[in-house]
Amino acid sequence: PTLVLQGSSPTTGVNWSWSGPGGFVSNSQNPVVSVDGLYSLSVTNPANGCSSTATALVQADLNAPQASATAGTLTCAQTTLALSGNASVPGTFSWTGPNGFVSSQQNPTVNAAGTYTLTVVAQNGCTDTAMTVVAQNTTAPDVTALGDTIDCISGQAVLSAGSLTPGVTWTWSGPNNFSSSLQNPAVTVAGPYVLTATAPNGCTATTSTTVELNNDAP
């Protein structure tokens, strides 16, 4: 944020006089300045009173890097995800987040929900920050299962699965290595049946039911 103006002259013993923006004045040969603009140097030879002038332009590069950050949602199927960091100019990246998380990668991988802050330091030393939120969807689906009774009339029973969670998939298992992905499969063997419902977020819920057998002869 500061720099040194450099005055020079092949004549020894000269007097230096700088002037510049904001009423800046200095009698040093190499004064320190912190404001951009045009600076004028007057050099005077005290031996003969003659003088000459020169100018120097101090430019400013104070543009912030315009950081941006994006994330996603953690689920039972996706337990980690990559943060995405970007900046309008090249620079270094520094992330902080929940549970003491820190990273100097541009796109680090995380496994915890919460707010993450990205700080970008450009090559000119200017900084910018951006925040993003990693959401979490690990809600298990609700699930119900109903059995039925096998009798001499039908010889089979229909299992019934239900859920208020949209988009679930079904997995039934039961006696004699029975398995089915149907919501309401028909079975011919009595016994306990286990139903697993899997939601679109990968989370599962399990319940069970029993198929009874009624084959008593009159």
Side-chain angles (χ1 to χ4, degrees), residues 1-138 201-202:
T2 63
L3 56 79
V4 178
L5 300 177
Q6 295 181 339
S8 63
S9 173
T11 304
T12 60
V14 296
N15 296 325
W16 311 91
S17 177
W18 286 92
S19 62
F24 174 83
V25 292
S26 176
N27 293 323
S28 299
Q29 179 179 352
N30 303 313
V32 177
V33 298
S34 59
V35 178
D36 62 308
L38 187 65
Y39 289 80
S40 178
L41 169 62
S42 177
V43 177
T44 302
N45 185 352
N48 58 12
C50 296
S51 63
S52 62
T53 60
T55 58
L57 179 63
V58 174
Q59 296 177 306
D61 179 9
L62 303 175
N63 294 322
Q66 298 180 20
S68 63
T70 57
T73 301
L74 296 171
T75 67
C76 294
Q78 182 175 345
T79 56
T80 62
L81 57 81
L83 303 175
S84 177
N86 289 284
S88 58
V89 295
T92 59
F93 293 79
S94 177
W95 288 92
T96 59
N99 304 324
F101 174 83
V102 293
S103 177
S104 59
Q105 296 179 353
Q106 182 175 352
N107 304 309
T109 299
V110 299
N111 59 10
T115 300
Y116 290 81
T117 301
L118 169 64
T119 300
V120 178
V121 181
Q123 293 175 349
N124 62 1
C126 298
T127 64
D128 192 27
T129 60
M131 291 189 300
T132 187
V133 175
V134 173
Q136 188 170 41
N137 178 7
T138 54
N201 63 1

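- Considering all non-hydrogen atoms of both residues, S68 and A130 come closest at CA-CB, 3.8 Å.
- With Q136 contributing its side chain and A113 its backbone, the two residues share no donor-acceptor pair below 3.5 Å.
- Side-chain contact check for P31 versus W16: every heavy-atom pair is 4.5 Å or farther apart.
- Between the side chain of N124 and the backbone N or O of N63, at least one donor-acceptor pair lies under 3.5 Å.
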Pair Y39-T55, side chain to side chain contact (heavy atoms under 4.5 Å, CB included): steps then yes or no: CA-CA 6 Å; Y39 289 80; T55 58; over 6 Å; no
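- How far CG of L3 is from OG of S34: 9.0 Å, rounded to the nearest 0.5 Å.
- One distance of note links CG of L5 with CD of Q29; it measures 11.5 Å at 0.5 Å rounding.
- Within the 3.5 Å criterion, the main-chain N or O of P46 finds no donor-acceptor partner in the side chain of T44.
- Side chain of N201 to main chain of C76: no donor-acceptor pair is present (N/O by atom type, distance under 3.5 Å, no hydrogens or angles).
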May I have the step-by-step check of side chain to side chain contact (heavy atoms under 4.5 Å, CB included) for S40 and S19, ending in yes or no? CA-CA 5 Å; S40 178; S19 62; 3.8 Å; yes
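- P98 has its side chain out of reach of T115: every pair of non-hydrogen atoms, C-beta onward, lies at least 4.5 Å apart.
- Heavy atoms only, all atoms of each residue included: V121 and T127 are closest at CG2-CG2, 3.6 Å.
- Here CG of L41 is found 7.5 Å from OG of S52. Values are rounded to the nearest 0.5 Å.
- In this structure, S84 and N86 approach most closely via the heavy-atom pair OG-ND2, 3.5 Å.
- The side-chain heavy atoms of Y116 and T96, taken from C-beta on, include no pair separated by under 4.5 Å.
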Step by step, would you call L83 with W95 a side chain to side chain contact (heavy atoms under 4.5 Å, CB included)? CA-CA 9 Å; L83 303 175; W95 288 92; 3.6 Å; yes
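- Remark: the backbone N or O of N30 is not paired with any side-chain donor or acceptor of S28 at under 3.5 angstrom.
- Using a distance-only test at 3.5 Å, with no hydrogens or angles considered, a donor-acceptor pair links the side chain of N107 to the main chain of G85.
- Not one N or O on the side chain of N99 forms a donor-acceptor pair closer than 3.5 Å with the backbone of F101.
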Please walk me through it: do Q59 and D36 pass side chain to side chain contact (heavy atoms under 4.5 Å, CB included)? CA-CA 5 Å; Q59 296 177 306; D36 62 308; 5.8 Å; no
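- Atom CG of residue L81 and atom OG1 of residue T75 lie 9.0 Å apart, to the nearest 0.5 angstrom.
- The two residues N27 and S17 make their nearest non-hydrogen contact at OD1-CA, 4.1 Å.
- In summary, of the residues considered (N137, T138, V110, V134), a side chain to side chain contact (heavy atoms under 4.5 Å, CB included) with L74 occurs for V134 alone.
- A donor-acceptor pair is defined here as one N or O able to donate and one able to accept, closer than 3.5 Å; no such pair exists between the side chain of Q66 and the backbone of A87.
- S88 places a side-chain N or O within 3.5 Å of a backbone atom of P65 that can act as its donor or acceptor partner.
- Taking the side chain as every heavy atom from C-beta outward, N45 and T11 approach each other to under 4.5 Å.
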